[in-house]
Amino acid sequence: IVNKYDSRNNKGYLLGFGNNGAVRSDFGNGASYIIAKYDATNVEDGNWHYVVSTYDGTTATIYVDGVKGVSKIGRGSGYLTSTTKNLIIGDDDCCSNRFFDGSIDEVKIYNYALSASEIIAEFEENRPDEEVSICPTGPLPGDICDGESVPVVDSNGDVCYVVIGTKTCVGHCPTGQ
């Protein structure tokens, strides 16, 4: 998906695929490297997915659709070292026929590891679902707190879940469901 990794010298970073649609992320600092894998979701299933990989100098973590996978601690630690390798999006130049067959949108590279709450917020903001325009009105049941999700029926009769906020109500209903 995104590749700026020099595998000969273990420098840089890569976010791509492992076996059977699993997501793989490699980080290297020249002396050591770390590989994290997320295989709970097959991201090569033809559906939209939000994929994030983080590295904080010690631990690599992959998130798919806002869900955290297993974090991996590498054989060494330290921050990424620079590499003269070009940044490649959609292809893995190490091997033939390892290209991304689909659409890639909004690639972002940060100089710090995003927090879980930042990743979930980005996922909710960017998911391509239909926004629910109906919010619960009137008093809420006593066991529902601000920030919790509650079921709401949309205009098509589909049950959606919305997050209750102090001034806003945000939710998504999968299109076509």
Side-chain angles (χ1 to χ4, degrees), residues 1-131 161 163 170 172-177:
I1 301 170
V2 176
N3 182 2
K4 189 171 174 68
Y5 190 74
D6 178 357
S7 58
R8 292 181 196 187
N9 297 305
N10 291 326
K11 291 182 179 183
Y13 52 90
L14 172 133
L15 176 61
F17 296 109
N19 297 327
N20 301 318
V23 178
R24 171 187 171 137
S25 189
D26 299 30
F27 296 94
N29 65 9
S32 61
Y33 64 93
I34 184 171
I35 298 171
K37 294 180 183 176
Y38 185 109
D39 57 9
T41 301
N42 177 356
V43 296
E44 294 181 297
D45 62 0
N47 294 312
W48 179 90
H49 291 283
Y50 179 73
V51 179
V52 176
S53 180
T54 64
Y55 177 66
D56 65 6
T58 303
T59 305
T61 305
I62 296 176
Y63 295 78
V64 175
D65 299 333
V67 178
K68 180 181 177 181
V70 176
S71 297
K72 180 75 174 186
I73 298 174
R75 292 186 243 184
S77 63
Y79 292 96
L80 300 175
T81 54
S82 63
T83 175
T84 58
K85 195 120 161 108
N86 291 329
L87 175 67
I88 300 169
I89 298 173
D91 193 7
D92 185 349
D93 65 345
C94 86
C95 311
S96 61
N97 296 322
R98 281 181 75 175
F99 59 89
F100 183 80
D101 185 17
S103 299
I104 297 174
D105 186 29
E106 298 187 39
V107 172
K108 297 178 183 180
I109 300 170
Y110 295 86
N111 63 355
Y112 62 94
L114 293 174
S115 68
S117 60
E118 289 172 313
I119 290 167
I120 291 167
E122 283 267 334
F123 168 66
E124 289 297 330
E125 182 180 317
N126 291 296
R127 60 194 284 178
D129 297 339
E130 173 185 313
E131 185 86 358
Y161 289 86
V163 177
V170 179
H172 296 277
C173 238
T175 54
Q177 292 187 5

For [X] and [Y], work out which heavy atoms get closest and say how close.
X   : Y    : value
V43 : F17  : CG2-CE2, 3.0 Å
T54 : A113 : CB-CB, 4.1 Å
L15 : S53  : CD1-CB, 3.8 Å
H49 : V64  : ND1-CG1, 4.2 Å
D39 : A22  : CB-CB, 3.7 Å

*Go through the steps for V67 and Y38 under the test side chain to side chain contact (heavy atoms under 4.5 Å, CB included), then give the verdict.*
CA-CA 10 Å; V67 178; Y38 185 109; 3.5 Å; yes
How long is the span from the [atom1] atom in [X] to the [atom2] atom in [Y], to the nearest 0.5 Å?
X    : Y    : atom1 : atom2 : value
D26  : K37  : CG    : NZ    : 8.5 Å
N86  : K4   : CG    : NZ    : 6.5 Å
K108 : E122 : NZ    : CD    : 3.5 Å
T84  : K11  : OG1   : NZ    : 8.0 Å

*asked:* Do Y5 and N10 pair up side chain to side chain, a donor and an acceptor below 3.5 Å, judged on atom types alone?
replied: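 N10 and Y5 do have a side-chain donor-acceptor pair below 3.5 Å.
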*Judged by modelled atom types alone, do D45 and N42 share a side-chain donor-acceptor pair under 3.5 Å?*
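Note: D45 and N42 side chains miss the donor-acceptor criterion.
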*For the residue pair W48 and F123, categorise the inter-ring angle as parallel (less than 30°), tilted (30 to 60°) or perpendicular (more than 60°).*
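Ring orientation of W48 relative to F123: parallel.
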*Spell out, as yes or no, whether a donor-acceptor pair under 3.5 Å connects the side chain of S25 to the backbone of G16.*
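Here the side-chain-to-backbone pair does not exist.
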*Kindly determine whether L87 and I109 satisfy side chain to side chain contact (heavy atoms under 4.5 Å, CB included), including the steps that lead there.*
CA-CA 11 Å; L87 175 67; I109 300 170; 3.9 Å; yes
